[in-house]
Amino acid sequence: MSTTALTGAPLLAVRDLSVAFDRGRRRVLHQVSFDIAPGQRLGLIGESGSGKSLTALAVMGLLPDSAEVTGSVRWRGAELLGQGERALARLRGSELAMIFQEPMTALDPTMKVGRQVAEVRRLHRSAEPGRVRPLVLAMLSSVGLPDPVRIADSFPHQLSGGQRQRVVTAMALVNSPDLLICDEPTTALDVTVQARVLALIDQALTREQAACLFISHDLAVVAQVCSNVLVMLDGRVVDGGPVDRLFRAPEHPYTAGLVATARLDLVEPGSRLPVIGDFYASGAAGPQ
Amino acid sequence: MPNLRRGATRLRIRGPAVTVAIRVAIFLLSLVLASVLIFVVCAALPGDIAQVILGQNATSESLAALRHSLGLDRPLLSRYLDWVGGMLTGDFGTSFFTRLPVADQIATRLAVTGWLVFFGMAVALLVAVPVGMIAAVRRRRLSGAVISGLSQIGLAVPAFWAGILAVFIFAVKLRWLPANGYVPLREDPMQWAAHLVLPVLSLAVVQASVLTRYVRSAIVDVLEEDYIRTARAAGWTRLGALWRHGLRNASISVVTVLGLQLATLFVGAIVIESVFALPGLGQLLLDAVAQRDLMVVQGTVMVLVFAVLVVNTAVDLSYVALDPRIRTARR
């Protein structure tokens, strides 16, 4: 199942991406295919263990050595699978960036966060003496951190979870990437902070005109950022399409369950809250 | 629970100056306790220095007279205070046996042991840090497993056996280096270095094996940290991320082990000194114990304890420099 781009060649083209561990005995991702066009935002939704993060890590080339990856991941037409660490490192942080789920441990505890953001810039754009610091401060304030000078001179342990996730977002955006992969960027945050960080990522994507692969287990969150969604279950893509179509007419019973649990405003007061199991019994209906 | 919580917060918000002051106070207290312990144990040791000096046939009157002239009949407390007070001014007392100042004997010997321990640790670190890093990065490959295996063998080898083997190969068979003895640095730097090579290597083999394992496991832990993945996602290669963001974090746990290892290095140096007939602190201590020369024993042990305590304090203070979570208060 693929979401075909409306205009031009895709930025990222993933075909039959499969991942296995234990010398092929444990297959965790089965022939995942999708395209992302420049500026397009694609949501990847499913429960934990459905293979969303693996898909993202496989695209970034950050899976552990023990993983066997097959299929094809093309970036601007060039194959990424099988590329060396050096070639991938040149793309990562520059054209492809990623925000991870856990902001508390994502930053180096022994380095001031301003230096960590500046480092990502220097790593890819070498000759800018004296211009990096102002850029970093501007970046920090653009991700909604007031008093960027104080934040830049802080160590990670001196910042809250929401502040750290903004710093990580600034690191991901500092080189204006063409594709931003967000792996549950708001899951570890308080609900109130979640909404703000989400709005901020949305604004940043619009400003940078960057494409996005947005991973979440929460359809409501994905719907805020993305127009198209893929639904994953047990390492396979089982459903997909525009968000409003998915809400109106889910193809797969699992999607119907996701939609029902995301639309709690439709639940009759006094009746039991829906759970995904009402619509889809895991293992009962085989994946398509 | 609330009390515990408050305690933890207080610990976290104390500044670096308080951390340093507390550590220095602990250092001084340890030093005092060590001096009491050393003195009491030496005083309680069986064996009579007067008997050793005068021989088995001495009369009880002459023994008592000698004990009096050595000051051994005075109360323990005043002997202890004399000893400690003297050390504070650099006077470690006079050897019962040779009648020479203990401080002079220790000073000349300390130079030998000091070089041995310093170069032993330096060589061990120069080997262990890069080798441990390679073993960690390649832990799933053959080369990593080979390094781990070799360091396991190195761990099992006693330093004196490594020393004897080194003498046999490089001094006896190949005749590249002297088998034993010592030449002071000021007399002949080349000969000084030549005489130190084998003892230092014998000492370093074991230390390097131990440290390699600690460096490896510290780096393996760090490699699995989220911030290494973040660094790679930002454009570092695996090795680049380790170099830039892993080493400093890994060094925090390696430095701890370094402090503990230094104590065993002193013990190892004493053994190596007797294998290579080096006139160091170890030989001085062994001779003094055999002769019941308590002033020399006390003074030498005190110097060794002082050195270990200084290193451990330096290790604790280095955390303040290495880890900003200790250095800076929460904002």
Side-chain angles (χ1 to χ4, degrees), chain A residues 56-57 60-66 84-112 115-117 119-125 147 150-151 153-160 163-164 167-168 171-172 174-175 177 181 183, chain B residues 8-9 11-16 136-145 218-255 318-331:
Chain A
L57 291 173
M60 290 290 284
L62 290 175
L63 284 172
D65 291 341
S66 51
E85 174 83 355
R86 250 166 217 291
L88 287 175
R90 266 196 291 278
L91 285 179
R92 292 194 295 241
S94 176
E95 295 178 34
L96 283 159
M98 186 161 177
I99 302 175
F100 296 96
Q101 178 174 357
E102 187 45 74
M104 299 313 273
T105 51
L107 293 164
D108 181 346
T110 63
M111 194 184 277
K112 288 179 180 170
R115 279 183 66 196
Q116 300 194 43
V117 179
E119 190 182 274
V120 185
R121 181 74 185 180
R122 289 202 185 93
L123 213 47
H124 298 283
R125 315 270 189 276
D147 199 356
R150 186 183 65 88
I151 298 283
D153 288 332
S154 299
F155 287 101
H157 71 278
Q158 296 169 317
L159 305 176
S160 70
Q163 286 173 321
R164 290 185 213 190
V167 171
V168 173
M171 282 173 72
V174 74
N175 287 322
I181 299 178
D183 186 1
Chain B
T9 316
L11 264 178
R12 220 184 296 131
I13 60 174
R14 75 182 190 209
V137 173
R138 305 196 165 184
R139 64 192 181 283
R140 286 188 229 284
R141 297 190 213 169
L142 184 66
S143 50
I219 302 255
V220 166
D221 287 350
V222 160
L223 281 176
E224 277 158 20
E225 292 283 354
D226 283 352
Y227 53 78
I228 293 293
R229 192 178 61 181
T230 309
R232 290 181 64 205
W236 287 104
T237 59
R238 202 184 298 255
L239 274 178
L242 175 61
W243 183 254
R244 183 73 172 146
H245 295 283
L247 279 192
R248 189 186 174 109
N249 285 289
S251 69
I252 295 171
S253 53
V254 171
V255 157
S318 73
Y319 296 147
V320 181
L322 285 172
D323 193 342
R325 283 164 292 190
I326 298 171
R327 186 165 71 241
T328 53
R330 275 177 85 92
R331 288 187 185 171

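First the proteins, then the strands, lettered A, B, ... as listed; each starts at 1. These numbers come from the heavy atoms of this one structure, side chains and all, not from hydrogens, waters or symmetry mates.
No more than 12 heavy-atom neighbours from other residues, nucleotides or ligands sit within 6.0 angstrom of CZ on A/R115.
For A/I99, no part lies near chain B; criterion is any non-hydrogen pair under 4.5 Å.
Annotation for A/H124 and B/G235: closest pair NE2-CA, 3.6 Å, computed over non-hydrogen atoms. For the pair B/P324 and A/P109, the tightest heavy-atom approach, listed with the atom from each and the gap, is CG-O, 3.1 Å. When every heavy atom of A/T110 is checked against every heavy atom of B/L322, the shortest pair comes out as CG2-O, 3.8 Å. Minimum heavy-atom separation, A/A89 to B/T237: CB-CG2, 3.8 Å.
Distance check, rounded to the nearest 0.5 Å: CG of A/L88 to CZ of B/R238 gives 10.5 Å. Going from atom CG of A/L107 over to atom CD of B/E225 covers 12.0 Å, rounded to the nearest 0.5 Å.
Per-residue counts of heavy-atom pairs under 4.5 Å with chain B were compared for A/D108, A/V168, A/V120; the largest is that of A/D108. Taking chain B as the reference chain and counting heavy-atom pairs below 4.5 Å, the highest number among A/M98, A/Q116, A/M111, A/M171 is found for A/M111.
Residue-level contacts of residues 226-234 of chain B with chain A, in order of numbering, are B/D226, B/Y227, B/R229, B/T230, B/R232, B/A233, B/A234; threshold 4.5 Å between heavy atoms.
Among residue pairs with one or both ends in residues 86-96 of chain A, those qualifying as salt bridge (charged side-chain N to carboxylate O under 4.0 Å, His left out) are A/R76-A/E95, A/E85-A/R92; sequence neighbours excluded.
Among residues two or more places apart in sequence or in another chain, the salt bridge (Lys or Arg N to Asp or Glu O under 4.0 Å) test is passed with A/E102 by none. Considering only residues two or more places apart in sequence or on other chains, B/S253 meets the side-chain contact (heavy atoms from CB on, under 4.5 Å) condition with B/A218.
Side-chain atoms of A/E119 and B/R244, non-hydrogen and from C-beta on, do get closer than 4.5 Å to each other.
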